[in-house]
Each structure stands twice: as structure tokens, then as C-alpha cells.
Amino acid sequence: MKNGLYSVSLKGFDSEDWPPGGVVVLLDGVMLGGGPYTYYTGSYSFKGGIFKGELVLNQHNFPPPSHVLFNAKNVGIGVSGTYEDDHAELTGIALVGKRSLTLQVTLLRLAELNRIERQGYEYLA
């Protein structure tokens, strides 16, 4: 998988109302992203068509009270699946309180990110 900005689409398998998705930056093993209610940070690796990642999700805005992530704090999520070029299909397990929920995650690259160095400073382009 190339460094870049990716769209995130989510689908729950446990009849739960998941956020509509968001965006994530994948950059040299670091994942940073979020959506309308949550943000997350984590790490990932990939090799030979297999993608693995782990992240921690927290709220930055209040979802509706019936939402699966209402008042969620430090939700651990592990994902794994396959990737090809600018697209990944992943399955994840989220630990929300005492519940373990399964979700499908689709990543599609929107923009490529590259590191460049100018006059001793490192930038992203």
C-alpha cells in the first residue's frame, strides 16, 4: 500500500449503527484518521497482499445516544485483510466496553503522500 489519504467505509455485522466512514492517512506504518464522531490513531503493516493494523478510537463529537460509539473511550480495533494497489478490504474486531463487534472496512486511496526534504526540513507533499 502506498502512503496516502484514504477514504474509509464501514459496515457492521452485529446489527449496530456504525459511523458513515471518514478518512485515514497511511504514512510509513502510522495510521491517523477520523470521521464525524471519532478520531483514531494506530499502526499498520503490509506484505504480499496482506494488510494488518491496530488502532485506538475516541470520540471528538457526540453521536446520537443510540449509537454504538456513544460515550466510547479508547476503543481498541484490530483489522486485517487484503490489499491491491490503492484499495484494501479488511475485517475488524472492535472492543466497545465489554462487547466485541465485527466490522468490514474498505479503504480507497484518494491522494498519494510523499516525503520530501528541503533545506534540512522534512515535508509531506
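Remember, predicted model here, so these are calculated numbers, not experimental data.
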Which atom pair, heavy atoms only, marks the closest approach of P36 to G21?
CD-O, 3.4 Å
Same cluster (ILVMFWY, side-chain, under 4.5 Å), V25 and L110
yes
Kindly indicate whether the side chain of V75, heavy atoms from C-beta on, has any atom under 4.5 Å from the side chain of N58.
no
Evaluate side chain to side chain contact (heavy atoms under 4.5 Å, CB included) for L5 paired with V23, printing each intermediate quantity in order.
CA-CA 7 Å; L5 175 67; V23 294; 3.9 Å; yes
Hey, does the side chain of H87 reach the backbone of T106 with a donor-acceptor pair shorter than 3.5 angstrom?
no
Can you tell me if F62 has over 12 outside heavy atoms packed within less than 6.0 Å of its CZ?
no
Compare every heavy atom of V79 with every heavy atom of G92, then report the nearest pair and how far apart it is.
CA-CG1, 3.9 Å
Determine the minimum heavy-atom distance between I93 and S100, stating which atoms define it.
CG2-OG, 3.3 Å
For a side chain to side chain contact (heavy atoms under 4.5 Å, CB included) with L57, tell me which candidate from I77, T41, N74 qualifies.
I77
Heavy-atom pair of closest approach, residues Y40 and V8
OH-CG2, 3.5 Å
Is there a continuous path of hydrophobic side-chain contacts, each under 4.5 Å between heavy atoms, that joins V105 to L108?
no
Inter-residue atom distance L113.CG - L26.CG, 0.5 Å rounding
9.0 Å
Given the rule that I, L, V, M, F, W and Y join up when any side-chain heavy atoms are under 4.5 Å apart, are V96 and Y39 in one cluster?
no
For Q59, is the CD atom crowded, meaning more than 12 foreign heavy atoms sit under 6.0 Å from it?
yes
I need the T91 OG1 to K11 NZ distance, nearest 0.5 Å.
11.0 Å
Pair S43, E54 - check side chain to side chain contact (heavy atoms under 4.5 Å, CB included), show working.
CA-CA 6 Å; S43 61; E54 55 187 31; 3.8 Å; yes
In short, Y6 meets D86 closest at the heavy-atom pair CE2-O, 3.9 Å
One pair to check against side chain to side chain contact (heavy atoms under 4.5 Å, CB included): Q104 and E89. What are the steps and the verdict?
CA-CA 7 Å; Q104 178 182 347; E89 290 292 337; 3.2 Å; yes
Could you tell me whether the side chain of N3 and the main chain of D28 form a donor-acceptor pair under 3.5 Å?
yes
4.5 Å side-chain heavy-atom contact, L32 and V24
no
Report whether L10 and F51 are members of the same hydrophobic cluster (ILVMFWY, side-chain heavy atoms less than 4.5 Å apart, transitive linking).
yes
Are the ring centres of F46 and Y83 closer than 6.0 Å?
yes
Quick one: does any side-chain atom of Y44 pair with a main-chain N or O of G29 as donor and acceptor, under 3.5 Å?
yes
